[in-house]
Amino acid sequence: MKILLIHSDYLKYQVKKETPVAEEIEEEMKEGEMKECLSVFTAVEERDENKVEKVIAKGVNDIKDTAEKLDVDKIMIYPYAHLSSELGDPATAVEILKGLEDELSHDYKVHRSPFGWYKAFQLSCKGHPLSELSKEVVVEEEGEKEEVVSKALKAEETLQSTWGIMDVDGTLHELDIDGKDVEGYDFKGNGKLKDFVLYEAGEKEKGGAESPHIELMRRHELVDYEEGSDPGNLRFYPKGRMMKGLLEDYVSERTRDYGAMEIESPIMYDIDHPALKKHLNRFPARQYRMETPDKNVFLRFAACFGQFLMTRDMTLSYRNMPVRLYELTRYSFRVEQRGELTGLRRLRAFTMPDCHAMCKDLEQAKDEMMTRMNLAISVVNDIGINVLEDLELVVRATQDYFENNREQVEKLVDNYGKPALIELWDEQYSYFALKYEFNFLDPLGRASALVTDQVDVEQGERYDIKYIDEDGKERHPYILHLSPSGAIERVMFTLLERAAMQENSGEKPTFPYWLAPTQIRFVPISDDQLEHVEELVDDLEEINVRVDIDDTDRTVGKKIRQAEQEWIPFVAVIGPKEIESGKLSVRIRGEEKEREMGLKELKELHEKKQNGMPFRDIPLPRYLTKRAIFVG
RNA sequence: GCCAUCGUAGCUUAGUUCGGCAGAGCGGCUGACUUGUAAUCAGCAGGUCGAGGGUUCAAAUCCCUCCGAUGGCUCCA
């Protein structure tokens, strides 16, 4: 509803002729006049339909607000269609206008001019600064929005789960969880798994400390908050962008190697698209919503939409299956509740590698899921996160699915290689019947999922994705949803948290070598060595090493300290001695004493640590004196 | 979203209890020093005290609203 409020000396009207939508009126309503009043020109709009009472309440509120400020006791309600181009139906309009009249009558003298008549009117506006005011009365489409996005969210709230631990040999131990007590399994030597159970199903200790990665991501000039955006949308500095880019490169390369076809799809979708609308109802998340010039759209929370709409239009035969599609979503968007956001761990905009496989039947889906689990294990290990030591497996399924496919779950747990948490749902709240996750546990027992794969038993049909089977009949595929590494930001979160854990246990914290922003730093003792160092750096860059030079006028001690604080793996001090001997004095991070070696040996050490992982050039100027500071 | 805590220079922070001149260290800049494996010395610049409103002779300090951050609840990649 749109309203235009005018503080008037008077408003006077005479009814002339009825329009097709005119309300029936008494003779006495055919003309009217009010002096020293607030004139309320009103247009009821389409979006007010079905929300009559709320619109009235809100409108009354707004009008009273203004009336109080202007200190008037008379109100003229005047229907005025020209305020809006999206008018509601006349019956609703009359209902709302009458409602406003009734409600306002309690406190004001109210006159309502008739709806749907051509009228002549004379109006005198007082002309002071507050005398003209237009307002839009919008009732949040709570009902509607909730309907669209939250069925799965709501279903999840009432979900009943039973919990268990499955051994590698397939034995399932049912857990009895009461607060901080877990019975039914001997967690000896497996404290992390117990922490994980408590995090998922029990109560954990109160009073958590700030996640260490938050300070680290800023101190190392990787990532920072961006107050100019929405919460959970971060800025990446050059070093952070490089690290993230390398991870993106690697995960994408490995996923393509597995046989996935990389595609690209839009980040926004029509909220009124029938298949998408139903899909939203089966995914427990909130979306960013926005208006384009022609449509109401939402921002994707994963790559499903684009890939499914694409496969729906494809011609598929059983011979093509499984069909694997991959996209690195930069970004996926989820409007997580404000209090759920933390640093790199939980964001509203994040980069997720998302790989779907269309499988012709459940048997093929099971086999494919196993292949993909091995891909994920290999990818995560190679990145520098130890799957067995650092992560915990959970398999979640509906009770029904588990009973009929227990063998699959046993194989997944066996393949992972250590006891896993099992969650069984009493009903299927979302589109998947089974999912597994690799979860990282921080020292305070907070779990974050990285890798996940799901068996989707609904959306082949929902999106009308079809393949022609051997018997010539059309069938809907089972769809797997894999993120082979988990969100890239969350991978960075895990790496930083792990570094903090190293530090706490007395080790020197490190980045995986292939991700270290600077891999080798040269520290010349004085400016005299700069020319020589320059040659060494040129030489090293030939074989793809990220090298830089500390050419500041700090003391050697200070330069070393600086390099240590940047967690640089190799630091080479160059003075007259080294130039003389042609050797290098190399400090290796984590070793007590520096080592003397030739350039060749340093190159070999580099190659060994780089281990064939992707490479990007150093993202900052070679000379430290040329570098701008991003954070303190 | 709810509850709690927090927001002072680029960074870390003192000052907020009980209203009364906004201070320091690091970093930056300038100069000196040209240095041998985790902090060289001196000087200078740098502040809408998160934003807006209110109370007051006077607000970083008290009150209100908003924004942002952290932790917990809930939830996820």
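Basis for what follows: all heavy atoms, side chains included, without hydrogens, waters or symmetry-related copies. Numbers restart at 1 for each chain; the letters A, B, ... are given by sequence-line order, proteins then strands. As the structure is a computational prediction, the values presented were derived from the model and not from experiment.
On a pure distance criterion of 3.5 Å, no polar donor-acceptor pair joins the side chain of Gln529(A) and the base of rG36(B). Side-chain atoms of Ser585(A) and base atoms of rU37(B) include a donor and an acceptor less than 3.5 Å apart.
For rC29(B), the paired base is rG43(B) (Watson-Crick or G-U wobble, both distances below 3.5 Å). If you check rU13(B) for Watson-Crick or wobble pairing at under 3.5 angstrom, you find it paired to rG23(B).
Between Phe440(A) and Phe438(A), the ring centre distance reaches or exceeds 6.0 Å.
One atom, CG of Leu450(A), and another, P of rA77(B), lie 11 Å apart when rounded to the nearest Å. Atoms CG (Leu584(A)) and P (rU37(B)) sit 17 Å apart, rounded to a whole Å. The interatomic distance linking Arg521(A) (CZ) with rA38(B) (C1') rounds to 13 Å, in whole Å. Ile560(A) has its CD1 atom 4 Å from the C1' atom of rU37(B), to the nearest Å. Between the CD1 atom of Ile574(A) and the C1' atom of rU35(B) there is a distance of 15 Å, rounded to whole Å. Rounding to whole angstrom units, CD of residue Glu200(A) and C1' of rC76(B) are separated by 10 Å. Look at OH on Tyr225(A): it is 19 Å from P on rG10(B), rounded to the nearest Å. Per the geometry, CG belonging to Asp550(A) stands 18 Å off P belonging to rU34(B), to the nearest Å.
Here Arg348(A) does not reach the OP1 or OP2 of rC76(B): none of its side-chain N or O atoms lies under 4.0 Å away. Look at Lys558(A) and you'll find a side-chain N or O under 4.0 angstrom from OP1 or OP2 of rG27(B). For the OP1/OP2 pair of rA38(B) and a distance below 4.0 Å, the side-chain nitrogens and oxygens of Lys559(A) include no atom meeting the criterion. The phosphate of rU34(B) (OP1 or OP2) has no side-chain N or O of Arg554(A) nearer than 4.0 angstrom. OP1 or OP2 of rA38(B) has not a single side-chain nitrogen or oxygen of Lys508(A) nearer than 4.0 Å. Considering only side-chain N and O atoms, Thr555(A) lies under 4.0 angstrom from the phosphate OP1 or OP2 of rU40(B).
Comparing rG27(B) with rC49(B), their P atoms sit 27 Å apart, to the nearest whole Å.
For the pair Lys609(A) and Phe570(A), the cation sits on the ring face: its NZ or CZ lies under 6.0 Å from the ring centre, inside 45° of the axis.
Applying the side-chain contact (heavy atoms from CB on, under 4.5 Å) test between Leu391(A) and each of Asn439(A), Ile385(A), Asn381(A) identifies Ile385(A) as the sole match.
Among rU37(B), rA77(B), rA32(B), the nucleotide with an atom closest to any side-chain atom of Gln454(A) is rA77(B).
Checked by atom type, the side-chain pair Thr351(A)/Glu489(A) shows a donor-acceptor distance below 3.5 Å.
Listed by residue number, Gly486(A), Ala487(A), Arg490(A) are the residues of residues 485-499 of chain A with a heavy-atom contact under 4.0 Å to RNA chain B. For RNA chain B, no neighbouring residue in residues 369-378 of chain A is found when judged by any heavy atom under 4.0 Å.
Annotation: side-chain contact (heavy atoms from CB on, under 4.5 Å) contacts of Thr398(A) (sequence neighbours excluded): Asp400(A), Tyr401(A), Trp425(A), Gln428(A).
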